[in-house]
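Structure, as structure tokens:
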Amino acid sequence: MLADDTNLSVCAYDCPDSCGMVATCRDGRLVELEGRKDNPYTRGFICHKGRRWVRDLRGRDRLTSPLLRRNGKFVPIGWDEALDMTARAIQLAVQLHGHQSFLFYEGSGNLLMGNKVQRLLPLMLGGGTMATGSLCSSEGKAGLARSYGTVGRDQPSAALKSKSILLWGRNPAENSVHFLAILHDARRAGARIGTIEVRATPTTEASDSAWIVRPGSDLTLALYLCHEAVLLHGEPQTPYEGYELFRQACLMVSAEDAQLATGLSAEALHALVSFVVDQPPLSIWMGVGLQRTQWGADLVHTIDTLGFLLGNHGILGGGVWFELGDDGLLPNDFAVVHGAQTRLMSRPSLGASLLEAEPPVEAAMFVRGNPASQNPDAGKVLQFLKQCPFSVCLDWHMSVTARACSLVLPITVFLERGGDYVMSYFHDLLQKTTRTAEPPEGVRDELDIVRDVALRLGLPDRFTAEMTRLADVESDPRLTPVGPGMWRLAEAPRIRGTFHFPSTVPSVPSEPGMLRLITVHVRDYINGIDPAQARVRVLPPVAAVSTKLAREHGLTEGQRMTLRNALGSLDVRIHLDKSIAEETIVLAQGVEGVNVLVAPGLTANGNSCINDTWVLLEPVQH
Ligand SMILES: Nc1nc2c(c(=O)[nH]1)N[C@H]1C(S)=C(S)[C@@H](COP(=O)(O)OP(=O)(O)OC[C@H]3O[C@@H](n4cnc5c(=O)[nH]c(N)nc54)[C@H](O)[C@@H]3O)O[C@H]1N2
Ligand SMILES: Nc1nc2c(c(=O)[nH]1)N[C@H]1C(S)=C(S)[C@@H](COP(=O)(O)OP(=O)(O)OC[C@H]3O[C@@H](n4cnc5c(=O)[nH]c(N)nc54)[C@H](O)[C@@H]3O)O[C@H]1N2
Ligand code: SF4
Ligand SMILES: [Mo]
């Protein structure tokens, strides 16, 4: 039993803030969770999603027994039976079709670094089938890295030195609240804040200026702003390869082109030009939504080029920022099995790949992921799960994916495990987790489950030894201790060597007659919707449309309509929002059924094109 005490830990949610936490434990139970005051980034505050764990660890949605689907219903079974069954199903699939018949799917359910150890299960079997490609930020990182070869590691607090801050498709007021706190400080120090969005958000509310543009028009807009920057600043002093071609390309984009694409008025566009040039240094902070498109990397590279042409690269308070890259804190040979031949399937088109797989996938294990909700073309993931002979999902609650599997195994969550690490993907702190509560009876650590399955398959226990190597991260020479279980990772400047200009300017396709579906992250839950949120949503999800679109389609507030495209359909309730860009429908991501409509396309880098989704608005069929 854990002693009554307070323990320091870190929120492991897939959230850029990675808050430092203080947990109070009494009689083995978590009774209070607060912000850790000495964390220099999160400064003693945690959001309601983090705080909610006090209730959720022992809440009614917590799974506490393995559940097996029998005749369409889940029934509790014992752990031995569950683990035997899992091992047998994997063994059978491997015997019949080879190791690639076993799918080991990892999502981004938490940021614990030790998660990687679990990959030893498919790898030791020969490689298995795993997912590749990103639903999240990899496309933008690929674009940012084109400028200097790296995405680097700077600090969000650099915004405190900016005089102008442009949030481009980023919504920190909902998705990264501690950055919003920095923005408020920057404003107090004299900075002005502007936002380029496709709708009004709490972030546009908190900004001095906001420009609402049609989704997908950002590339034309960025090229036009580059055009203005070239006219203003002239040629860079040193000759740059690729500059001339890029100059010609951006000079071809006129103010009229930008207005036509974005829907901005001439005055608004002019004000945006003033915003980016008038009050340097300017920092531009891009979000994740706008880069989930076919030309996402090109867009991010072009926005970075704007920063360069305006002379904001490498100066205090200036620059262009996105998410941070992998820091290589874990050694390259961590959880590696030489000779393993993993079959990789693209995450964004996972469902279709699984349905067509040869050899077929006949045993599937899902950890920290909810692909039946979160992946594009989710209908095909569900279809695959219906026909797959064996599927097991490890989760703490009944996710959409768990509900579609044949077996569900209940796991401990990060607050009930210790000795792992979280490295933020937005700020510079590495933090260690500690065990802050006893898990409820009946749940097991995810790693123990995976190891027990491996042992039943006759594989050696490489897991334990690899887990002890995890603590080596603490001796990385780039780390400086800043408090118990907390380190600052040294900066790795992105601006170095020669700047590389974009060499191609892609054309942006559209689907005439259809509406663009934009799905956004929301304040109250992280990614896949949690059970408590799902329960209050008995009505169809809310689809926000502009009042202009509503007028054209004769829509009224609260009206039920169906969104439809070639992939499927979804019933929604209409909400009129005068702020939303033209020909656009906005839905919260994570709501069940939304991703049935979302396009499974891949970028040239193999990442998702979630925003390249088009739908028709139709009356509900009764
Ligand atoms: N509360 C909360 N916090 C979260 C998450 C969550 O689910 N909930 N998820 C976490 C994760 S995994 C991530 S990746 C981040 C995401 O964090 P953000 O990047 O802030 O989130 P998104 O909602 O994907 O996109 C940001 C904004 O881009 C706008 N946008 C969409 N398309 C376009 C476009 O074409 N052009 C322009 N200019 N704007 C566009 C959207 O309206 C949206 O408000 O948040 C993290 N933090
Ligand atoms: N339409 C649309 N789709 C999107 C997005 C969008 O903006 N629009 N955003 C995309 C983005 S940015 C992301 S990052 C992805 C996220 O996609 P996923 O990673 O698939 O989804 P999550 O909801 O983060 O969670 C995965 C599950 O992990 C569980 N979990 C948490 N901790 C643990 C643990 O320790 N062990 C195990 N086994 N399970 C655990 C959670 O309860 C949750 O059910 O979604 C993407 N999907
Ligand atoms: S979800 Fe994000 S903001 Fe909320 S406590 Fe966790 S890390 Fe902090
Ligand atoms: Mo994400």
Side-chain angles (χ1 to χ4, degrees), residues 9-21 33-36 39 41-43 45-53 107-111 134-138 140 166-181 195-204 210-222 261-262 285-293 295-296 299 303 322-323 374 414-415 422 424-427 429 431 508 516-530 533 544 579-581 584 586-591 608 610-613:
S9 201
V10 45
C11 179
Y13 261 135
D14 181 358
C15 169
D17 293 24
S18 297
C19 292
M21 291 177 152
L33 211 44
E34 285 182 291
R36 180 177 169 173
N39 178 309
Y41 184 72
T42 58
R43 300 188 277 184
F45 166 73
I46 61 171
C47 81
H48 65 299
K49 297 180 290 297
R51 223 174 270 278
R52 220 157 50 200
W53 281 113
S108 58
N110 69 54
L111 300 179
S134 163
L135 307 176
C136 186
S137 60
S138 297
L166 182 60
L167 304 167
W168 201 321
R170 187 173 196 111
N171 183 12
E174 291 192 90
N175 302 333
S176 185
V177 282
H178 295 86
F179 187 48
L180 187 73
T195 302
I196 302 180
E197 253 294 349
V198 300
R199 58 185 182 128
T201 66
T203 301
T204 60
W211 293 270
I212 305 295
V213 302
R214 228 177 253 130
S217 66
D218 305 78
L219 184 61
T220 308
L221 179 61
T262 56
W285 304 80
M286 285 176 281
V288 173
L290 87 166
Q291 48 90 60
R292 285 199 209 90
T293 165
W295 61 93
L299 171 59
I303 293 175
F322 186 55
E323 306 296 339
Q374 293 308 103
F414 68 95
L415 290 161
V422 170
S424 164
Y425 57 85
F426 191 55
H427 59 72
L429 298 170
Q431 291 166 91
V508 174
R516 194 188 275 269
L517 177 66
I518 294 297
T519 42
V520 296
H521 293 244
V522 294
R523 194 192 67 144
D524 289 338
Y525 57 90
I526 298 279
N527 298 335
I529 198 161
D530 65 52
Q533 296 288 330
S579 81
I580 290 182
T584 304
V586 177
L587 269 168
Q589 68 89 46
V591 172
S608 74
I610 289 173
N611 270 11
D612 295 343
T613 295

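Whatever order the structure lists ligands and atoms in, that order sets their numbers, starting from 1.
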- [ ] Check ligand 1 against Gly216 and write out every atom of the ligand that is under 4.0 Å from a heavy-atom position of the residue.
- [x] 35 (O)
Task: Aromatic ring proximity, centroids under 6.0 angstrom, Phe322 and Trp168 - done: no
- [ ] For the residue pair Asn171 and Glu197, confirm or rule out a side-chain donor-acceptor distance under 3.5 Å.
- [x] no
Task: Test item: side-chain donor near acceptor, Asp17 and His427, under 3.5 Å - done: no
Task: Lys49 heavy atom under 4.0 Å from ligand 1 - done: yes
- [ ] Could you see which bit of Val586 sits under 4.0 Å from ligand 1, with heavy atoms only: side chain, backbone, both or neither?
- [x] neither
TODO: Could you tell me whether Asp218 approaches ligand 1 through its side chain, its backbone, both or neither, with non-hydrogen atoms closer than 4.0 Å?
DONE: side chain
Task: Per-atom contacts, ligand 1 versus Pro215 - under 4.0 Å to a heavy atom - done: 35 (O)
Task: Note, Leu290 side chain near Leu299 side chain (heavy atom, < 4.5 Å) - done: yes
- [ ] Mark yes or no for whether Lys49, through its side chain, and Arg523, through its backbone, hold a donor-acceptor pair below 3.5 Å.
- [x] yes
Open item on the list: Under a 4.0 angstrom heavy-atom cut-off, which atoms of ligand 1 come close to Gly287?
Closed with: 19 (O)
Open item on the list: Contact between ligand 1 and Tyr525 is defined here as a heavy atom of the residue under 4.0 Å from a ligand atom; is it met?
Closed with: yes
TODO: Report, in ascending order of atom number, the atoms of ligand 1 lying under 4.0 Å from any heavy atom of Ile526.
DONE: 2 (C), 3 (N), 4 (C), 5 (C), 6 (C), 7 (O), 8 (N)
TODO: Look at the side chain of Asp14 and the backbone N and O of Leu111, then say whether any donor-acceptor pair between them is shorter than 3.5 Å.
DONE: no
Open item on the list: Under 4.0 Å, heavy-atom basis, I'd like to know which part of Ser108 is in contact with ligand 1: side chain, backbone, both or neither.
Closed with: neither
TODO: Quick one: look at Glu174 and ligand 1, take heavy-atom pairs under 4.0 Å, and tell me if it's side chain, backbone, both or neither.
DONE: backbone
Task: Residues Asp530, Arg52: salt bridge by 4.0 Å N-O rule - done: yes
Task: 4.5 Å side-chain heavy-atom contact, Thr195 and Leu166 - done: no
TODO: Pull out every atom of ligand 1 sitting under 4.0 Å from any heavy atom of Cys136, numbered as shown with elements.
DONE: 14 (S)
Task: Per-atom contacts, ligand 1 versus Val520 - under 4.0 Å to a heavy atom - done: 23 (O), 41 (C), 42 (O), 43 (C)
- [ ] Using a 4.0 Å heavy-atom threshold (strictly under), name the region of Tyr13 that reaches ligand 1: side chain, backbone, both or neither.
- [x] neither
Open item on the list: Please determine whether any non-hydrogen atom of Tyr425 lies less than 4.0 Å from an atom of ligand 1.
Closed with: yes
Task: Heavy atom of Ser176, distance to ligand 1 below 4.0 Å - done: no
Open item on the list: Just by distance, no angles: are the side chains of Asn527 and His521 close enough, under 3.5 Å, to form a donor-acceptor pair?
Closed with: yes
- [ ] Check each atom of ligand 1 against the heavy atoms of Arg523 and keep those under 4.0 Å away; list them by number with element.
- [x] 1 (N)
Task: Which of the ligand 1 atoms, numbered from 1, are nearer than 4.0 Å to a heavy atom of Trp168 - done: 38 (N)
Task: Listed protein N/O/S atoms, distance to atom 2 (Fe) of ligand 3 under 2.8 Å - done: Cys15 SG
